[in-house]
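Everything on this sheet refers to the single structure shown next.
Computation of the quantities below employed the complete heavy-atom set of this structure, encompassing side-chain atoms and omitting hydrogens, waters and symmetry-equivalent molecules. Both ligands and their constituent atoms are indexed starting at 1 by order of listing. Start at 1 with the first residue, then count along the sequence.
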Amino acid sequence: MRYHHAVSGPTTAVAALRWGEGLELLDQRLLPGRERWLGVAGVPDAVRAIRSLTVRGAPAIGLTAAYALAAEARRDPDLGRLRRAARRLAAARPTAADLAHAVAAVMAAIEAAPAAERFAAALAAARRRHAADAGACLAIGRHGAALFDRPETALLTHCNAGALATGGIGTALGIVRTLHAEGRLVRLWACEARPVLQGARLTAWEAMRDGILVTLLADSAAASLLASGAVGGVVVGADRIAADGAVANKVGTYSLALAAARHRVPFVVAAPTTTFDLACPSGREIPIEQRDGEEVRRVRRTAVAPAAVAVYNPAFDVTPPELVTAIVSERGVARPVTAATVREIA
Ligand code: MRU
């Protein structure tokens with residue numbers, strides 16, 4: 001029998017972004033091979049970084065946009081220019097709700113400030129959002145870990161909903177880190193998440209960095225793993241949650257939810273309130289980003305398909321609410337997932 005470690009709460013040695021003299025991003029395209037921090041001078045740099053997946057994960061791209069607007073306001077506080085920059089930033093990737101929410105919040109702070117104070121107001125708004133996101137991750141971790149009441153649990157995750165995707169310990173990985181800190185996590189199973197391999201490159205790396213026992217699997221191995229009984233729960237993040245509880249998340253999430261339902265494994269979605277979009281009635285209205293076919297034709301630089309082959313490459317898919325056991329936000333748990341329970345935690 002294992003005993004709960006009497007340790008302090010969950011922590012991480014990993015961060016996706018920081019503000020010192022200005023905004024810096026950990027270049028996630030280079031992980032796990034190299035750790036390089038990139039400076040972001042303003043909105044054009046941030047748009048490129050978000051589109052190229054230098055920074056990715058719904059909360060992290062929202063925070064990047066927030067700080068990038070501050071950097072832009074420092075360069076030139078002209079309101080018309082900042083409004084145009086904000087529109088470009090909000091359109092950098094279409095699916096994650098956090099991006100548009102963050103841009104709107106920082107622009108509200110900028111609009112309310114006189115020209116000389118726009119930079120300070122924007123930076124304060126970005127810092128507030130960053131701190132709120134870190135706090136949300138901790139609360140999500142607590143609420144989510146309480147759903148798993150066994151002394152030992154193995155969890156399966158998809159893509160990366162960790163410290164690299166947020167301003168804190170992560171959402172799905174916030175639950176993982178909380179169980180780990182409580183001494184109740186026996187193993188994290190990480191799907192690799194083709195085509196861009198956020199699970200293999202990022203989740204495996206950040207789990208190992210924090211001393212979490214992690215086993216990587218090809219996405220195609222997940223259904224048989226779920227059938228084997230080795231997994232106590234699936235935990236994933238979200239890019240946008242519609243009013244009916246439909247969840248857009250990394251492509252492959254829907255197939256995991258189908259397999260989890262078939263084998264009666266709890267399927268838990270973890271996301272801060274900044275990811276909810278109650279103005280979006282259902283999954284049908286969530287815009288799904290289609291990405292360049294080169295991501296599928298290649299594994300990193302290596303061609304794995306004929307150069308001219310047509311490719312289907314949606315970045316995300318939508319899991320219907322009936323396949324989701326629970327949604328966890330910093331405000332609590334929606335279970336069962338209905339429009340009414342989602343509204344209470346949004
Ligand atoms: O294309 P990505 O890497 O930005 O996709 C990320 C995901 O799908 C995450 O699961 C989601 O953004 C939640 S991150 C806390």
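- A salt bridge links R83 to E111: one of the charged nitrogens lies within less than 4.0 Å of a carboxylate oxygen.
- Clustering of Ile, Leu, Val, Met, Phe, Trp and Tyr side chains at separations under 4.5 Å places L323 together with Y254, L258.
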Provide, line by line, the atom pairs where ligand 1 and the protein bring an N/O atom each to a distance under 3.5 Å; else say none.
| unit_1 | atom_1 | unit_2 | atom_2 | d |
| --- | --- | --- | --- | --- |
| ligand 1 | 1 (O) | R93 | NH1 | 3.4 |
| ligand 1 | 1 (O) | R93 | NH2 | 2.9 |
| ligand 1 | 1 (O) | K250 | NZ | 2.7 |
| ligand 1 | 3 (O) | R56 | NE | 2.8 |
| ligand 1 | 3 (O) | R56 | NH2 | 3.3 |
| ligand 1 | 3 (O) | Q198 | NE2 | 2.9 |
| ligand 1 | 4 (O) | G57 | N | 3.0 |
| ligand 1 | 4 (O) | R93 | NH1 | 2.8 |
| ligand 1 | 8 (O) | D239 | OD1 | 2.9 |
| ligand 1 | 8 (O) | N249 | OD1 | 3.0 |
| ligand 1 | 8 (O) | K250 | N | 3.1 |
| ligand 1 | 10 (O) | N249 | OD1 | 2.6 |
| ligand 1 | 12 (O) | A58 | N | 2.8 |
| ligand 1 | 12 (O) | D239 | OD1 | 3.0 |
| ligand 1 | 12 (O) | D239 | OD2 | 3.2 |

Hey, can you pull the donor-acceptor pairs under 3.5 Å for the side chains in residues 161-174, sequence neighbours left out?
| unit_1 | atom_1 | unit_2 | atom_2 | d |
| --- | --- | --- | --- | --- |
| T166 | OG1 | G162 | O | 3.0 |
| T166 | OG1 | G168 | N | 3.2 |
| T166 | OG1 | G168 | O | 3.3 |
| T166 | OG1 | G170 | N | 3.3 |

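- Counting only N and O atoms by type, the side chains of T95 and R240 include no donor and acceptor under 3.5 Å apart.
- Ion pair R36/D27 flagged as a salt bridge, since at least one NZ, NE, NH1 or NH2 atom sits closer than 4.0 Å to an Asp/Glu carboxylate oxygen.
- Alongside F276, the hydrophobic cluster contains L156, W189, L217, L225, L226, V231, V234, V236, I241, V247, L256, V265, F267, V269, L278, V324, I327, V337, V342, I345 (criterion: ILVMFWY side chains under 4.5 Å).
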